[in-house]
Amino acid sequence: MQKEISLSNSDHLQMLFDYKIKKEGGSANTSQLLIELDSSISADELKEHLLSNEYIEQFVKTSLVRPFFGKEKYRFNSPQNLIVEEYFIDNLDYSELFHNDFIGSNPVKFTLIQLPDSSAILFQFNHIFIDNNGVKNILKSFAGEKFEFHRILKPEEKSFFKRLQNGFQFTRMMMTKWREPISHISSKDKRPVFKKYILHSFTAEETESITAKIKRSYHIQSMSSVLMAACCKSLQDHILKKGEKQYKYSFQQPSELTHKKDPKYILGNRFSFIFYRLQPEQVTTISEIQDELNKQTMQQMKAGIALKSLDLQSILRFVNLRLHFGMINLPARGKMTSFAYTFIGESKIISEFAGRKVTNMINIPPVMKNPPITFGAVLYEGNLRIKLCYDMNSVSNLEAEELIQSMKHHLLTP
């Protein structure tokens with residue numbers, strides 16, 4: 001393996017999100033994954049099991065090099081040791097457990113939680129190093145699957161001027177009518193983000209009813225569109241209840257860019273975003289919103305918008321993160337309607353860990369100050385689970401509860 005590799009353009013995008021979250025008072029752009037086991041495991045046994053995995057050992061010894069000038073790099077085989085923190089509690093309180101996720105510039109942090117008759121393991125992955133697919137690949141590797149450790153960077157195929165042209169096209173799309181106000185949940189609170197979470201699992205019958213709402217339109221059939229439509233309706237309910245005027249709805253969701261023929265990897269990120277804009281009169285029914293979202297997805301796929309955003313990133317890689325942060329916040333005035341965090345797919349990636357049965361797995365996304373709410377959703381053992389992650393200093397517990405109840409209502413209404 002090489003000693004160092006430069007971050008790719010899409011990895012730089014992840015660093016920008018990390019910078020945004022910290023700038024707004026959040027702690028880190030960290031994926032928190034909790035695995036609950038049916039019996040106890042000791043700290044020594046867990047450490048031994050983790051180190052038996054070649055990818056975990058490599059991952060722990062990977063660091064980030066940020067020179068004053070030049071591009072950031074991943075450095076491999078850094079002299080870092082695997083550390084497992086351990087503490088004992090009587091029962092799991094998810095809000096308390098997921099509250100503090102600051103792990104600095106470390107690639108990963110392991111916490112062993114000892115309960116009276118069982119154990120749980122909290123993995124905290126720094127998304128500058130790894131994306132959700134990489135996290136899933138690491139777990140699959142414990143079951144014997146093989147992966148590339150890091151994505152092999154291909155030589156830049158497009159010329160600088162072609163990438164600059166594509167970057168301008170993407171910028172023009174993003175800045176169209178950028179002065180128009182956006183419907184959003186505002187936050188003027190200056191205190192650090194105080195995270196809280198609401199999780200709700202639907203029954204098998206309810207999940208079947210929700211998946212029946214998925215429409216095939218514009219050659220797209222996506223559960224994400226149904227869920228984003230429900231998010232829009234919930235936010236509309238919230239805005240109208242507060243007596244605020246509706247403006248356009250602006251949000252985005254990750255778009256996976258890794259080619260299916262490319263080797264699956266552990267380290268690095270390979271995604272961009274699909275951007276959505278809805279006028280208030282377009283936030284009508286789940287069915288109609290779904291059609292519009294699918295239409296916008298198809299239009300952007302045909303126009304190569306996600307790839308053009310990476311071309312812009314390749315140019316902005318040379319711009320200081322602070323300046324870049326100001327540039328991306330200018331068109332949106334620092335706001336989005338919601339951060340649509342989609343983690344759709346079967347989340348029970350492995351059924352056993354260290355010889356013990358996995359009884360539950362929960363993946364929690366980061367929370368920002370603007371917007372102060374993150375919606376998440378996942379299928380767990382075939383049943384839909386939705387998550388509302390929010391900043392308690394910006395959104396009250398009652399407001400958060402009303403939002404998730406509204407989302408449940410819109411998902412279950414025939």
Electrostatic pair R151-D11, nearest N-O below 4.0 angstrom:
yes
Aromatic contact between H150 and F76, with the criterion being ring centroids under 6.0 Å apart: yes or no?
yes
Please indicate whether E208 has more than 12 foreign heavy atoms, meaning atoms of other residues, nucleotides or ligands, lying under 6.0 Å from its CD.
no
Taking side chain to side chain donor-acceptor pair (under 3.5 Å) as the test, write out the residues that go with T207, two or more places apart.
none
Under the rule for ring-ring contact (aromatic ring centres under 6.0 Å, His included), what residues qualify as partners of F318, not counting sequence neighbours?
none
Decide if atom NZ of K264 counts as having more than 12 heavy atoms of other residues, nucleotides or ligands within a radius under 6.0 Å.
no
May I ask you to say whether R75 pairs ionically with E4, meaning some side-chain N is under 4.0 Å from a carboxylate O?
yes
Assess whether a salt bridge exists between K109 and E85, defined as any Lys/Arg side-chain N lying under 4.0 Å from an Asp/Glu carboxylate O.
yes
Verify the neighbour count for atom CZ of F161: are there more than 12 heavy atoms of other residues, nucleotides or ligands below 6.0 Å?
no
So, do F275 and F170 have ring centers that fall under 6.0 Å from each other?
yes
Taking the six-membered ring for Trp, are F273 and F17 ring centroids under 6.0 Å apart?
yes
Could you tell me whether K248 atom NZ has more than 12 heavy atoms of other residues or ligands within 6.0 Å of it?
yes
Counting only heavy atoms not in D117, do more than 12 fall under 6.0 Å of its CG?
no
Take the angle between the ring planes of F353 and F142 and call it parallel below 30°, perpendicular above 60°, tilted in between.
perpendicular
So, K241 and E402, do they make that salt bridge, N to O below 4.0 Å?
yes
With S309 via side chain to side chain donor-acceptor pair (under 3.5 Å) - residues at least two apart
S272
Charged N to carboxylate O under 4.0 angstrom, E24 versus K20?
yes
Is a salt bridge present between K369 and D189, judged by a nitrogen-to-oxygen distance below 4.0 Å?
yes
Strictly below 4.0 Å, N to O, side chains only: are D237 and K233 in salt-bridge contact?
no
Below 6.0 angstrom between ring centroids: does that apply to Y19 and F325?
yes
Closest non-hydrogen atom pair, T337 against I182
OG1-CG2, 3.7 Å
If you draw a 6.0 Å radius around NZ in K348, do more than 12 non-hydrogen atoms from other residues or ligands fall strictly inside?
yes
